[in-house]
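Data first, discussion second: the structure below is written as C-alpha coordinates.
Bear in mind that the values here come from a model prediction, so they are computed numbers and not experimental data. Side chains included, hydrogens not; waters and symmetry mates left out as well; all remaining heavy atoms used.
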Amino acid sequence: MKIVILDGYTLNPGDLSWAGFENLGELCCYDHTPENEIVSRIGGAQCVITNKTPITRATLESCPDIQYIGVLATGYNVVDTLAAKERGIPVTNIPIYGTAAVSQFAFALLLELCHHVAHHAQTVEQGRWAGSRDFCYWDYPLIELSGKTIGIIGFGRIGRATAKIAQGFGMQVLAYDEYIDKTLENESLRYVSLEEILRCSDVVSLHCPLMDSTKGMINKDTIAKMKDGALLINTSRGPLIVEEDLKEALESGKIAGAAVDVLEKEPPRDGSVLIGAKNCIVTPHIAWAPREARTRLMAVAVENLAAFLQNKPQNVVN
(Lines give C-alpha, C1' and ligand atoms only; values in the text may rest on other atoms or scores of the structure.)
Protein backbone atom coordinates (compact mmCIF):
# COMPACT_ATOMS: atom_id res chain seq x y z
CA MET A 1 0.00 0.00 0.00
CA LYS A 2 1.50 3.30 -1.11
CA ILE A 3 0.74 6.35 1.03
CA VAL A 4 1.49 9.92 -0.02
CA ILE A 5 1.28 12.93 2.27
CA LEU A 6 0.99 16.04 0.12
CA ASP A 7 1.54 18.80 2.68
CA GLY A 8 2.81 17.50 5.98
CA TYR A 9 4.84 20.47 7.16
CA THR A 10 2.13 22.37 9.03
CA LEU A 11 1.19 19.34 11.12
CA ASN A 12 4.75 18.16 11.54
CA PRO A 13 7.47 20.76 11.04
CA GLY A 14 9.91 18.31 12.55
CA ASP A 15 8.80 17.83 16.15
CA LEU A 16 6.54 14.81 15.53
CA SER A 17 7.04 11.41 13.89
CA TRP A 18 5.49 9.91 10.77
CA ALA A 19 6.22 6.41 12.09
CA GLY A 20 2.54 5.57 12.47
CA PHE A 21 2.00 5.98 8.74
CA GLU A 22 5.29 4.26 7.90
CA ASN A 23 4.04 1.19 9.75
CA LEU A 24 0.98 1.02 7.51
CA GLY A 25 2.61 1.12 4.10
CA GLU A 26 5.17 2.65 1.77
CA LEU A 27 5.21 6.32 2.76
CA CYS A 28 6.20 9.31 0.65
CA CYS A 29 5.87 12.60 2.52
CA TYR A 30 6.13 16.10 1.05
CA ASP A 31 6.28 19.26 3.13
CA HIS A 32 4.33 21.18 0.49
CA THR A 33 2.89 20.38 -2.94
CA PRO A 34 2.36 23.03 -5.63
CA GLU A 35 -0.95 22.75 -7.44
CA ASN A 36 0.71 21.81 -10.72
CA GLU A 37 2.46 18.84 -9.07
CA ILE A 38 -0.48 17.30 -7.20
CA VAL A 39 -1.27 14.65 -9.80
CA SER A 40 2.34 13.66 -10.42
CA ARG A 41 3.09 13.37 -6.71
CA ILE A 42 0.05 11.22 -6.06
CA GLY A 43 1.01 9.01 -8.98
CA GLY A 44 -0.08 5.47 -8.26
CA ALA A 45 -0.63 5.94 -4.53
CA GLN A 46 -3.69 4.26 -3.09
CA CYS A 47 -3.87 6.45 0.04
CA VAL A 48 -3.65 10.23 -0.11
CA ILE A 49 -3.22 12.37 2.99
CA THR A 50 -3.80 16.12 2.68
CA ASN A 51 -4.24 19.13 4.89
CA LYS A 52 -4.92 22.11 2.63
CA THR A 53 -3.80 20.78 -0.76
CA PRO A 54 -6.99 20.47 -2.85
CA ILE A 55 -8.19 17.14 -4.22
CA THR A 56 -10.55 17.99 -7.07
CA ARG A 57 -12.68 15.90 -9.38
CA ALA A 58 -10.07 16.41 -12.08
CA THR A 59 -7.35 15.11 -9.76
CA LEU A 60 -9.42 12.02 -8.95
CA GLU A 61 -9.97 11.38 -12.65
CA SER A 62 -6.23 11.65 -13.26
CA CYS A 63 -5.31 9.37 -10.33
CA PRO A 64 -7.47 6.24 -10.70
CA ASP A 65 -5.53 4.26 -8.09
CA ILE A 66 -6.74 6.38 -5.16
CA GLN A 67 -8.72 4.28 -2.69
CA TYR A 68 -8.64 6.51 0.40
CA ILE A 69 -8.29 10.21 1.23
CA GLY A 70 -7.44 11.37 4.73
CA VAL A 71 -7.70 15.03 5.69
CA LEU A 72 -5.36 16.25 8.44
CA ALA A 73 -7.96 18.65 9.80
CA THR A 74 -11.57 18.87 10.90
CA GLY A 75 -12.65 20.88 7.86
CA TYR A 76 -12.63 18.91 4.61
CA ASN A 77 -13.76 21.42 2.00
CA VAL A 78 -10.41 20.99 0.19
CA VAL A 79 -11.67 17.64 -1.11
CA ASP A 80 -14.44 17.15 -3.65
CA THR A 81 -16.25 14.70 -1.40
CA LEU A 82 -19.07 14.08 -3.87
CA ALA A 83 -16.67 13.13 -6.65
CA ALA A 84 -14.83 10.88 -4.20
CA LYS A 85 -18.06 9.22 -3.11
CA GLU A 86 -19.02 8.58 -6.73
CA ARG A 87 -15.78 6.65 -7.06
CA GLY A 88 -16.27 4.77 -3.81
CA ILE A 89 -13.40 6.62 -2.12
CA PRO A 90 -13.96 7.35 1.58
CA VAL A 91 -12.81 10.73 2.84
CA THR A 92 -11.99 10.98 6.55
CA ASN A 93 -11.31 13.92 8.81
CA ILE A 94 -10.13 14.53 12.37
CA PRO A 95 -13.23 15.55 14.34
CA ILE A 96 -11.76 15.76 17.83
CA TYR A 97 -8.26 16.89 18.69
CA GLY A 98 -8.11 20.64 19.32
CA THR A 99 -10.92 21.28 21.80
CA ALA A 100 -8.68 22.32 24.68
CA ALA A 101 -6.21 24.18 22.48
CA VAL A 102 -8.76 26.26 20.56
CA SER A 103 -10.87 27.18 23.58
CA GLN A 104 -7.71 28.20 25.42
CA PHE A 105 -6.64 30.33 22.48
CA ALA A 106 -10.04 32.01 22.27
CA PHE A 107 -9.47 33.25 25.80
CA ALA A 108 -5.88 34.20 25.05
CA LEU A 109 -7.28 36.52 22.39
CA LEU A 110 -9.99 37.82 24.68
CA LEU A 111 -7.56 38.51 27.52
CA GLU A 112 -5.27 40.35 25.13
CA LEU A 113 -8.18 42.58 24.12
CA CYS A 114 -8.98 43.15 27.79
CA HIS A 115 -5.44 44.02 28.92
CA HIS A 116 -3.21 44.55 25.84
CA VAL A 117 -0.45 42.73 27.66
CA ALA A 118 1.96 42.62 24.71
CA HIS A 119 1.62 46.35 24.06
CA HIS A 120 2.17 47.36 27.67
CA ALA A 121 5.12 45.00 28.06
CA GLN A 122 6.66 46.53 24.94
CA THR A 123 6.31 50.04 26.33
CA VAL A 124 8.17 48.92 29.45
CA GLU A 125 11.00 47.53 27.31
CA GLN A 126 11.11 50.87 25.53
CA GLY A 127 11.75 52.61 28.87
CA ARG A 128 8.42 54.30 29.26
CA TRP A 129 7.72 52.96 32.74
CA ALA A 130 11.17 53.97 33.94
CA GLY A 131 10.46 57.51 32.81
CA SER A 132 6.89 57.67 34.06
CA ARG A 133 5.93 60.30 36.63
CA ASP A 134 3.34 57.94 38.09
CA PHE A 135 3.83 54.43 39.44
CA CYS A 136 1.65 52.98 36.66
CA TYR A 137 -0.06 53.80 33.37
CA TRP A 138 -2.26 52.17 30.75
CA ASP A 139 -2.97 53.07 27.15
CA TYR A 140 -6.26 51.21 26.69
CA PRO A 141 -9.32 50.75 28.88
CA LEU A 142 -8.70 47.66 31.03
CA ILE A 143 -11.62 45.26 31.18
CA GLU A 144 -12.63 42.90 33.97
CA LEU A 145 -14.53 39.85 32.68
CA SER A 146 -16.29 38.84 35.88
CA GLY A 147 -19.98 39.65 35.59
CA LYS A 148 -19.81 40.18 31.83
CA THR A 149 -21.85 38.13 29.37
CA ILE A 150 -20.26 36.05 26.63
CA GLY A 151 -22.32 34.83 23.71
CA ILE A 152 -21.03 31.65 22.11
CA ILE A 153 -22.26 31.00 18.59
CA GLY A 154 -21.81 27.30 17.88
CA PHE A 155 -22.06 25.17 21.01
CA GLY A 156 -20.25 22.01 20.05
CA ARG A 157 -17.23 20.63 21.86
CA ILE A 158 -15.09 23.76 21.48
CA GLY A 159 -17.94 26.10 22.28
CA ARG A 160 -18.72 24.15 25.43
CA ALA A 161 -15.07 24.10 26.50
CA THR A 162 -14.94 27.87 25.97
CA ALA A 163 -18.05 28.22 28.11
CA LYS A 164 -16.38 26.37 30.99
CA ILE A 165 -13.44 28.74 30.88
CA ALA A 166 -15.81 31.71 30.78
CA GLN A 167 -17.67 30.42 33.82
CA GLY A 168 -14.34 30.12 35.60
CA PHE A 169 -13.87 33.85 35.01
CA GLY A 170 -17.29 34.54 36.52
CA MET A 171 -19.00 35.27 33.21
CA GLN A 172 -22.58 34.57 32.23
CA VAL A 173 -22.81 32.37 29.13
CA LEU A 174 -25.40 32.61 26.37
CA ALA A 175 -25.25 29.74 23.88
CA TYR A 176 -26.65 29.44 20.37
CA ASP A 177 -26.69 26.22 18.38
CA GLU A 178 -29.06 24.29 16.12
CA TYR A 179 -28.88 21.38 18.55
CA ILE A 180 -29.91 22.22 22.10
CA ASP A 181 -28.95 20.14 25.13
CA LYS A 182 -30.98 21.56 28.01
CA THR A 183 -29.06 19.41 30.49
CA LEU A 184 -26.11 21.77 30.05
CA GLU A 185 -28.04 24.77 31.31
CA ASN A 186 -27.40 26.10 34.79
CA GLU A 187 -27.40 29.39 36.68
CA SER A 188 -24.64 30.84 34.50
CA LEU A 189 -25.43 29.18 31.15
CA ARG A 190 -28.54 29.11 28.99
CA TYR A 191 -29.48 28.61 25.37
CA VAL A 192 -30.93 31.63 23.59
CA SER A 193 -31.71 32.83 20.08
CA LEU A 194 -29.07 34.37 17.86
CA GLU A 195 -30.89 37.69 18.22
CA GLU A 196 -30.49 37.57 22.00
CA ILE A 197 -26.82 36.62 21.70
CA LEU A 198 -26.19 39.71 19.59
CA ARG A 199 -28.31 42.02 21.73
CA CYS A 200 -27.09 40.99 25.17
CA SER A 201 -23.46 39.86 24.88
CA ASP A 202 -20.47 41.91 25.97
CA VAL A 203 -18.31 39.37 24.12
CA VAL A 204 -19.30 37.31 21.09
CA SER A 205 -17.15 34.26 20.30
CA LEU A 206 -17.59 32.27 17.08
CA HIS A 207 -17.27 28.48 17.21
CA CYS A 208 -19.46 27.32 14.34
CA PRO A 209 -18.56 25.54 11.10
CA LEU A 210 -18.49 27.31 7.76
CA MET A 211 -21.63 26.49 5.80
CA ASP A 212 -23.90 28.36 3.42
CA SER A 213 -26.04 29.33 6.41
CA THR A 214 -23.13 30.71 8.43
CA LYS A 215 -21.01 32.35 5.74
CA GLY A 216 -20.94 36.09 6.35
CA MET A 217 -23.11 35.78 9.45
CA ILE A 218 -21.24 38.65 11.09
CA ASN A 219 -22.10 41.50 8.76
CA LYS A 220 -23.38 45.06 8.80
CA ASP A 221 -26.88 43.98 9.80
CA THR A 222 -25.93 41.60 12.59
CA ILE A 223 -23.28 43.98 13.91
CA ALA A 224 -25.94 46.67 14.16
CA LYS A 225 -27.86 44.39 16.54
CA MET A 226 -24.85 43.93 18.82
CA LYS A 227 -24.21 45.82 22.02
CA ASP A 228 -22.33 49.05 21.54
CA GLY A 229 -18.70 48.43 22.53
CA ALA A 230 -18.89 44.65 22.36
CA LEU A 231 -15.84 42.50 21.69
CA LEU A 232 -15.68 39.88 18.93
CA ILE A 233 -13.55 36.71 18.86
CA ASN A 234 -13.19 34.33 15.90
CA THR A 235 -11.17 31.13 16.15
CA SER A 236 -13.43 29.23 13.76
CA ARG A 237 -13.44 30.19 10.06
CA GLY A 238 -12.60 33.52 8.46
CA PRO A 239 -15.54 33.71 6.02
CA LEU A 240 -17.99 33.78 8.93
CA ILE A 241 -17.20 37.51 9.03
CA VAL A 242 -17.67 40.11 6.32
CA GLU A 243 -14.32 41.77 6.90
CA GLU A 244 -15.19 45.17 5.42
CA ASP A 245 -18.23 45.42 7.69
CA LEU A 246 -16.20 44.52 10.78
CA LYS A 247 -13.56 47.07 9.90
CA GLU A 248 -16.20 49.80 9.63
CA ALA A 249 -17.62 48.78 13.01
CA LEU A 250 -14.16 48.93 14.58
CA GLU A 251 -13.46 52.33 13.08
CA SER A 252 -16.77 53.72 14.33
CA GLY A 253 -16.39 52.19 17.78
CA LYS A 254 -19.54 50.10 17.47
CA ILE A 255 -17.25 47.12 18.08
CA ALA A 256 -14.68 48.05 20.73
CA GLY A 257 -12.25 45.34 19.74
CA ALA A 258 -11.91 42.20 17.67
CA ALA A 259 -9.42 39.35 17.72
CA VAL A 260 -9.36 36.81 14.91
CA ASP A 261 -7.15 33.80 14.29
CA VAL A 262 -8.64 33.23 10.85
CA LEU A 263 -9.23 35.34 7.76
CA GLU A 264 -11.35 35.06 4.64
CA LYS A 265 -8.27 34.23 2.56
CA GLU A 266 -5.33 32.38 4.07
CA PRO A 267 -2.57 33.24 3.80
CA PRO A 268 -3.59 36.86 3.10
CA ARG A 269 -1.22 37.34 0.17
CA ASP A 270 -3.17 40.35 -1.03
CA GLY A 271 -3.63 41.67 2.48
CA SER A 272 -6.79 41.97 4.53
CA VAL A 273 -8.71 45.01 5.70
CA LEU A 274 -8.52 43.62 9.22
CA ILE A 275 -4.73 43.64 9.33
CA GLY A 276 -3.86 46.94 10.94
CA ALA A 277 -7.51 47.84 11.54
CA LYS A 278 -8.31 49.84 14.66
CA ASN A 279 -8.39 47.71 17.84
CA CYS A 280 -8.07 44.49 15.88
CA ILE A 281 -5.73 41.59 16.64
CA VAL A 282 -4.98 39.11 13.85
CA THR A 283 -3.02 35.91 14.47
CA PRO A 284 -1.95 33.39 11.78
CA HIS A 285 -4.42 30.52 12.31
CA ILE A 286 -2.53 28.95 15.20
CA ALA A 287 -5.26 28.13 17.74
CA TRP A 288 -5.12 24.46 16.73
CA ALA A 289 -1.35 24.13 16.72
CA PRO A 290 0.05 23.34 20.20
CA ARG A 291 2.22 20.23 20.03
CA GLU A 292 -0.18 18.35 22.28
CA ALA A 293 -3.08 18.99 19.89
CA ARG A 294 -1.01 18.10 16.82
CA THR A 295 0.06 14.86 18.49
CA ARG A 296 -3.59 13.93 18.99
CA LEU A 297 -4.33 14.88 15.39
CA MET A 298 -1.52 12.66 14.12
CA ALA A 299 -2.74 9.72 16.20
CA VAL A 300 -6.31 9.98 14.90
CA ALA A 301 -5.10 10.35 11.29
CA VAL A 302 -3.13 7.12 11.64
CA GLU A 303 -6.10 5.40 13.31
CA ASN A 304 -8.36 6.51 10.45
CA LEU A 305 -6.10 4.93 7.84
CA ALA A 306 -5.58 1.78 9.91
CA ALA A 307 -9.34 1.41 10.30
CA PHE A 308 -9.80 1.75 6.53
CA LEU A 309 -7.17 -0.91 5.87
CA GLN A 310 -9.07 -3.22 8.23
CA ASN A 311 -12.31 -2.55 6.29
CA LYS A 312 -13.71 -0.69 9.30
CA PRO A 313 -13.55 2.94 8.14
CA GLN A 314 -14.14 5.63 10.75
CA ASN A 315 -14.68 9.39 10.70
CA VAL A 316 -15.91 9.18 7.10
CA VAL A 317 -17.45 12.48 5.94
CA ASN A 318 -18.86 11.36 2.60
side-chain hydrogen bond (donor to acceptor under 3.5 Å, both in side chains) contacts touching [range] (sequence neighbours left out):
| range | answer |
| --- | --- |
| residues 245-258 | D228-K254 |
| residues 168-180 | none |
| residues 279-303 | D15-R294, D261-T283, E266-H285 |

In Å, rounded to the nearest 0.5 Å, how long is the span from [atom1] of [X] to [atom2] of [Y]?
| X | Y | atom1 | atom2 | value |
| --- | --- | --- | --- | --- |
| C29 | I5 | SG | CD1 | 4.0 Å |
| K85 | D80 | NZ | CG | 12.5 Å |
| L297 | N51 | CG | CG | 7.5 Å |
| R87 | C63 | CZ | SG | 9.5 Å |
| K312 | N304 | NZ | CG | 15.0 Å |
| K225 | K220 | NZ | NZ | 14.5 Å |

Please name the pair of heavy atoms, one in [X] and one in [Y], separated by the smallest distance, quoted to 0.1 Å.
| X | Y | value |
| --- | --- | --- |
| G98 | A293 | CA-CB, 4.4 Å |
| P268 | I275 | CG-CD1, 3.9 Å |
| L24 | A306 | CD1-N, 3.9 Å |
| N315 | P95 | OD1-CG, 3.4 Å |
| E112 | H119 | OE2-N, 4.3 Å |
| T222 | I218 | OG1-CA, 3.4 Å |

message = Looking only at the side chains, is there a donor atom on one of T53 and D7 sitting less than 3.5 Å from an acceptor on the other?
response =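 There is such a pair (donor and acceptor under 3.5 Å, judged by atom type) between the side chains of T53 and D7.
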Judged by modelled atom types alone, do T59 and S62 share a side-chain donor-acceptor pair under 3.5 Å?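 No, no side-chain donor-acceptor contact under 3.5 Å.
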Report whether [X] and [Y] are members of the same hydrophobic cluster (ILVMFWY, side-chain heavy atoms less than 4.5 Å apart, transitive linking).
| X | Y | value |
| --- | --- | --- |
| V262 | F105 | no |
| L194 | L246 | yes |
| L263 | V242 | no |
| I286 | L110 | yes |
| V302 | Y97 | yes |

Q: Show your reasoning for whether side chain to side chain contact (heavy atoms under 4.5 Å, CB included) applies to F21 and M298.
A: CA-CA 9 Å; F21 284 108; M298 178 78 80; 3.9 Å; yes
Is it true that a side-chain atom of [X] and a backbone atom of [Y] form a donor plus acceptor pair closer than 3.5 Å?
| X | Y | answer |
| --- | --- | --- |
| S103 | A100 | yes |
| D202 | T149 | yes |
| N93 | T74 | yes |
| Y191 | D181 | yes |

| Run the side-chain hydrogen bond (donor to acceptor under 3.5 Å, both in side chains) check on S236 and N234 step by step: do they pass? | CA-CA 6 Å; S236 188; N234 187 12; 4.7 Å; no
Are more than 12 heavy atoms, taken from residues, nucleotides or ligands other than [X], located less than 6.0 Å from that residue's [atom1] atom?
| X | atom1 | answer |
| --- | --- | --- |
| E26 | CD | no |
| D134 | CG | yes |
| E144 | CD | no |

Does the side chain of [Y] come within less than 4.5 Å of [X]'s, by heavy atoms?
| X | Y | answer |
| --- | --- | --- |
| E264 | S272 | no |
| I143 | K148 | yes |
| Q167 | N186 | yes |
| N318 | L82 | no |
| L113 | I233 | yes |
| L111 | F169 | yes |
| L145 | C114 | yes |
| E185 | R190 | yes |

Taking transitive links into account, so neighbours of neighbours count too, which hydrophobic residues share a cluster with W129 at under 4.5 Å side-chain distance?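 When side chains under 4.5 Å apart are linked, the cluster holding W129 also contains V124, Y137.
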Q. Got a sec, which hydrophobics cluster with L60, joining ILVMFWY side chains under 4.5 Å apart, including via others?
A.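 L60 shares its hydrophobic cluster with V4, L6, Y30, I38, I42, V48, I55, I66, I69, V71, Y76, V78, V79, I89, V91, V317.
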| query | Can you list every salt bridge (charged side-chain N to carboxylate O under 4.0 Å, His left out) pair that touches residues 31-41, not counting sequence neighbours? | reply |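 Counting only pairs at least two positions apart or across chains, the salt bridge (charged side-chain N to carboxylate O under 4.0 Å, His left out) contacts touching residues 31-41 are E37-R41.
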Scan residues 215-238 for pairs that pass ring pair (Phe, Tyr, Trp, His ring centres under 6.0 Å), counting only residues two or more places apart or in two chains.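 Listed once each, the pairs would be none.
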Inter- and intrachain pairs under ring pair (Phe, Tyr, Trp, His ring centres under 6.0 Å), touching residues 244-283, at least two apart
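The answer is none; no pair qualifies.
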Among all residues two or more places apart in sequence or in another chain, which pass the side chain to side chain donor-acceptor pair (under 3.5 Å) test with [X]?
| X | result |
| --- | --- |
| Y68 | T92 |
| D65 | none |
| N12 | none |

Practice problem: For the pair D139 and H116, evaluate side-chain hydrogen bond (donor to acceptor under 3.5 Å, both in side chains) and give the outcome as yes or no after the intermediate values. | Solution: CA-CA 9 Å; D139 292 342; H116 295 275; over 6 Å; no
For residues 151-166, tabulate all N or O donor-acceptor pairs below 3.5 Å that involve a side-chain atom, not counting sequence neighbours.
from: R160; atom 1: NE; to: F155; atom 2: O; distance (Å): 3.0
from: T162; atom 1: OG1; to: I158; atom 2: O; distance (Å): 2.8

